[in-house]
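Below, chain A is the first sequence line, B the second, and so on; all start at residue 1. None of these values were measured; they are calculated from a predicted model.
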2 protein chains.
Amino acid sequence: MSLDPVLLRIDSDLPNATERLLELLRIPSISTDPAYKGDCETAADWLVADLQSIGVEASKRPTPGHPMVVGHVDGDGPHILFYGHYDVQPVDPLNLWDRDPFDPEVQDTPKGKVIRGRGAADDKGQLMTFVEACRAWKEVNGTLPCKITFFFEGEEESGSPSLVPFMKENAAELTSDIALICDTGMFGEQTPAIVTMLRGLLGEELTIRGASKDLHSGMYGGISMNPIRVLSKIIASLHDESGHVTVPQFYDGVPELSPEIKAQWDGLNFDETGFLGEVGLGTPAGEQDRTGLEMIWSRPTCEVNGIWGGYTGDGFKTVLPAEAHAKISFRLVGTQDPLAIRESFRSYVQSMLPDDCTVEFKAHGASSASQMEITDPAFEKARRALSDEWPEPAAYVGCGGSIPIAGHFKKILGTDAMLIGFGKDDDQIHSPDEKYDLNSFHKGIRSWARVLDALTKG
Amino acid sequence: MSLDPVLLRIDSDLPNATERLLELLRIPSISTDPAYKGDCETAADWLVADLQSIGVEASKRPTPGHPMVVGHVDGDGPHILFYGHYDVQPVDPLNLWDRDPFDPEVQDTPKGKVIRGRGAADDKGQLMTFVEACRAWKEVNGTLPCKITFFFEGEEESGSPSLVPFMKENAAELTSDIALICDTGMFGEQTPAIVTMLRGLLGEELTIRGASKDLHSGMYGGISMNPIRVLSKIIASLHDESGHVTVPQFYDGVPELSPEIKAQWDGLNFDETGFLGEVGLGTPAGEQDRTGLEMIWSRPTCEVNGIWGGYTGDGFKTVLPAEAHAKISFRLVGTQDPLAIRESFRSYVQSMLPDDCTVEFKAHGASSASQMEITDPAFEKARRALSDEWPEPAAYVGCGGSIPIAGHFKKILGTDAMLIGFGKDDDQIHSPDEKYDLNSFHKGIRSWARVLDALTKG
């Protein structure tokens with residue numbers, strides 16, 4: 001089976017592929033809002049029908065929430081699973097959109113043609129790059145290149161409550177040689193990326209309590225411990241002068257980069273100044289002995305995501321509050337153990353409490369980091385295939401965010417996941433005016449054709 | 001003129017005096033709410049009529065806000081000015097009141113009879129103690145004991161916007177030998193108090209800004225400065241390990257107690273444990289080389305009254321906020337200069353900002369402390385007079401809160417003020433179910449008769 005006719009077919013079919021994507025984008029499959037439950041069903045039905053149209057044995061599979069779509073096609077060579085999600089983010093604030101988010105269109109912009117609409121990039125457009133690559137392959141060669149399982153979720157934007165139970169119940173059916181996930185971005189305009197590191201996430205909420213009620217600072221100020229002061233001191237002490245996190249044993253399990261990855265990252269010439277400058281910043285604020293890419297990809301962090309206490313309205317109130325609160329999260333890497341860090345963090349906070357204060361903790365999720373086994377030859381094959389498609393060679397990159405699905409494939413199914421995606425930093429996912437570059441869509445489809453070709457050549 | 005018949009008259013007239021107070025309490029003179037503007041006028045009219053009924057030349061005096069009531073009666077001896085306020089706090093939450101706050105009554109409680117209703121203690125009941133003392137004096141002796149100016153305000157609970165302009169415009173009319181103010185409390189159940197120190201207040205609001213918009217902590221966490229972390233560090237550094245405020249030059253103008261006052265305060269046997277225990281605390285948290293009374297009366301403080309930033313709702317959001325905010329206030333003593341401290345505080349904060357953060361300040365008022373000249377013999381005369389009325393000798397005390405009126409008398413009129421009041425800690429002023437002990441009312445009236453007698457004996 002030859003690749004070139006498939007690529008040609010992809011090029012000539014792009015207008016039809018785009019029309020199909022617009023059709024899918026018109027379905028308002030917002031998973032967080034019960035009002036759109038029917039639309040999530042409709043989107044799943046659409047995908048089932050579309051997969052069936054290319055010879056995939058596909059069906060909608062019920063869950064306590066929105067349905068999964070699972071499809072199989074048999075074949076020789078490796079068994080590949082492809083994951084994507086058909087649900088989308090809510091659209092508010094609606095008034096900030098240039099047009100109806102569910103009336104998508106292809107628009108000309110100074111930076112080229114874009115597909116504008118909710119879900120264009122996250123994740124319907126990305127999901128369809130793989131489906132369209134399969135369609136072209138099938139049309140040219142009569143079959144798909146290997147055994148493929150399609151696995152589409154409809155709850156990714158609402159925390160994937162049904163995902164783990166479904167994967168566990170259907171583990172045999174979903175186990176493959178490798179999982180492909182298309183929900184990430186390019187490293188640069190011309191540089192495709194395979195994400196091989198995903199940070200984990202640990203969330204904690206704490207409430208520091210002092211007096212039994214709010215006090216008047218005239219009567220009690222000076223003599224009474226102020227919980228905001230205590231909370232501030234705790235937060236201030238979570239980082240040392242050089243930006244390291246001070247929670248005891250926090251760095252247990254944090255690996256150093258391999259010399260190969262380090263050399264490759266150095267070669268990426270990450271534009272730290274541009275990256276920070278775009279959001280009005282200029283000075284890397286993390287561990288001062290690390291590069292910018294390490295800070296966002298391979299180093300663990302501690303962030304305060306929210307803080308509140310006392311009087312926060314207009315004007316002034318000389319209250320001495322009874323409570324102060326913060327939401328704190330840790331991004332984790334390597335084999336850092338979220339539960340051990342939770343325990344260590346809580347003891348550390350306890351150790352800093354003065355007399356007259358107590359603390360209450362609330363857990364907000366705990367997931368480990370994922371690190372892919374890039375020694376698996378599939379990674380190098382895919383990297384070369386992507387490099388053939390794009391002007392710049394593909395890079396193994398990290399991802400500062402947490403994409404739990406990759407960890408689930410590893411833990412539940414024992415499968416490594418390869419995260420390849422064609423999103424751009426300015427796609428405005430989760431925001432008004434979401435778009436997907438037509439170029440991302442087109443070259444994304446071509447990329448998958450190349451990756452499928454490379455993975456099945458043996 | 002003899003005191004004893006006046007005291008007897010006060011005792012026998014108590015039921016009528018109470019009825020008069022209930023009448024005044026029925027007028028809902030809430031100064032902050034424009035809906036009650038007419039009621040404030042009514043309360044002022046009531047007071048004018050009541051003063052006139054005891055021979056005082058009284059009138060309602062317009063201001064841009066609620067009217068003042070000013071009355072004069074001529075006489076020999078010192079010229080005394082008496083200040084009180086006829087406006088009251090709002091009553092919400094109304095559902096926490098046992099009865100209509102403006103349908104007052106005398107109630108039996110396990111701790112004795114109380115007058116229940118909004119304004120009973122703050123300040124209508126207290127104000128009327130002085131008026132009733134004058135009424136009894138007049139009824140027994142035919143005249144008042146000396147030249148007296150009555151000065152009642154109707155905007156105390158809404159920040160007294162008209163007070164300073166009115167005092168300036170009518171300075172000649174309002175200047176006296178000494179000002180008496182009845183808006184404070186007893187030191188203990190049986191120990192009357194003369195407040196000779198009032199702390200000043202400086203309010204500041206600060207906003208720390210980092211990135212130009214809220215960021216996702218997955219993408220930017222680690223490399224970007226977090227304004228909450230910066231704000232926490234600033235707040236944490238405002239006190240050192242021993243509880244001292246670290247703002248440069250903060251302690252300029254903070255006096256040491258005189259040996260006499262120190263000895264007297266030590267003699268009060270302040271029940272630190274009980275004071276803190278009532279609000280669930282147990283450890284004095286101020287400057288560790290100071291007594292509890294010093295912490296609340298004679299030492300300056302720095303308190304965080306409010307803090308907010310990032311995501312503060314239910315659940316969790318891994319936002320890296322663009323801004324963090326705090327409201328911070330300083331209680332001031334002695335000759336501390338609020339404006340100099342504001343400037344020093346702002347420079348200190350600026351000096352702690354990392355690259356990538358800016359700060360914006362908002363001023364929320366600045367008033368100096370007041371310290372009375374207790375070497376004026378009037379203070380010692382009043383102290384002895386109060387000691388004759390109550391089981392325990394009267395004390396010179398401090399007041400942690402800020403009562404700007406005392407400072408105005410000093411600054412605008414050059415008059416020292418003597419703050420004598422009969423409120424109790426459990427009067428629930430500003431709260432539902434406000435009350436004034438009938439005993440406070442009764443012995444308060446008797447106390448003023450004794451003080452008038454002492455001040456006019458020469």
With chain A as the partner, which of B/Gly310, B/Cys302, B/Ser212, B/Gly286 has the greatest number of non-hydrogen pairs under 4.5 Å?
B/Ser212
Kindly determine whether B/Met219 and A/Asp425 satisfy side chain to side chain contact (heavy atoms under 4.5 Å, CB included), including the steps that lead there.
CA-CA 10 Å; B/Met219 196 159 169; A/Asp425 286 350; 3.8 Å; yes
Applying a strict 4.5 Å limit to non-hydrogen atoms, the region of B/Thr301 in contact with chain A is side chain
Verify, without hydrogens or angle tests, whether B/Lys233 (side chain) and A/Ser237 (backbone) share a donor-acceptor contact under 3.5 angstrom.
no
I'd like to know which of B/Met295, B/Arg331, B/Met225 tops the heavy-atom pair count under 4.5 Å against chain A.
B/Arg331
For A/Pro284, the option from B/Ile223, B/Asp356, B/Asp355 that meets side-chain contact (heavy atoms from CB on, under 4.5 Å):
B/Ile223
Using a cut-off of under 4.5 Å on heavy-atom pairs, state which of B/Gly280, B/Ser217, B/Ser329, B/Cys357 scores highest against chain A.
B/Ser217
Which bit of B/Glu272 comes within less than 4.5 Å of chain A, counting heavy atoms only: side chain, backbone, both or neither?
side chain
Spatial distance of atom OG (B/Ser224) from atom CD (A/Glu303) [nearest 0.5 Å]:
7.5 Å
Heavy-atom pairs under 4.5 Å with chain B are the metric here; pick the option from A/Val245, A/Asn226, A/Leu238, A/Ile235 that has the most.
A/Asn226
Which atoms of A/Arg299 come close to chain B, meaning under 4.5 Å heavy atom to heavy atom: side chain ones, backbone ones, both, or neither?
neither
Tell me, side chain or backbone of A/His325 under 4.5 Å from chain B's heavy atoms, or both, or neither?
neither
Would you mind checking which part of B/Lys317 comes under 4.5 Å of any heavy atom in chain A, side chain (CB onward), backbone (N, CA, C, O), both or neither?
backbone
Tested for side-chain contact (heavy atoms from CB on, under 4.5 Å) against A/Val279, the lone hit among B/Asp214, B/Leu215, B/Leu320 is B/Leu215
Side chain, backbone, both or neither: which part of B/Ile296 has a non-hydrogen atom closer than 4.5 Å to chain A?
both
Give the C-alpha distance, both sets of side-chain angles, the deciding distance and a yes or no for side chain to side chain contact (heavy atoms under 4.5 Å, CB included) between A/Thr312 and B/Ile307.
CA-CA 6 Å; A/Thr312 61; B/Ile307 191 167; over 6 Å; no
Highest number of heavy-atom pairs under 4.5 Å with chain A: which of B/Arg199, B/His430, B/Glu294, B/Lys213?
B/Arg199
Contact origin within B/Leu201 toward chain A - heavy atom pairs under 4.5 Å
side chain
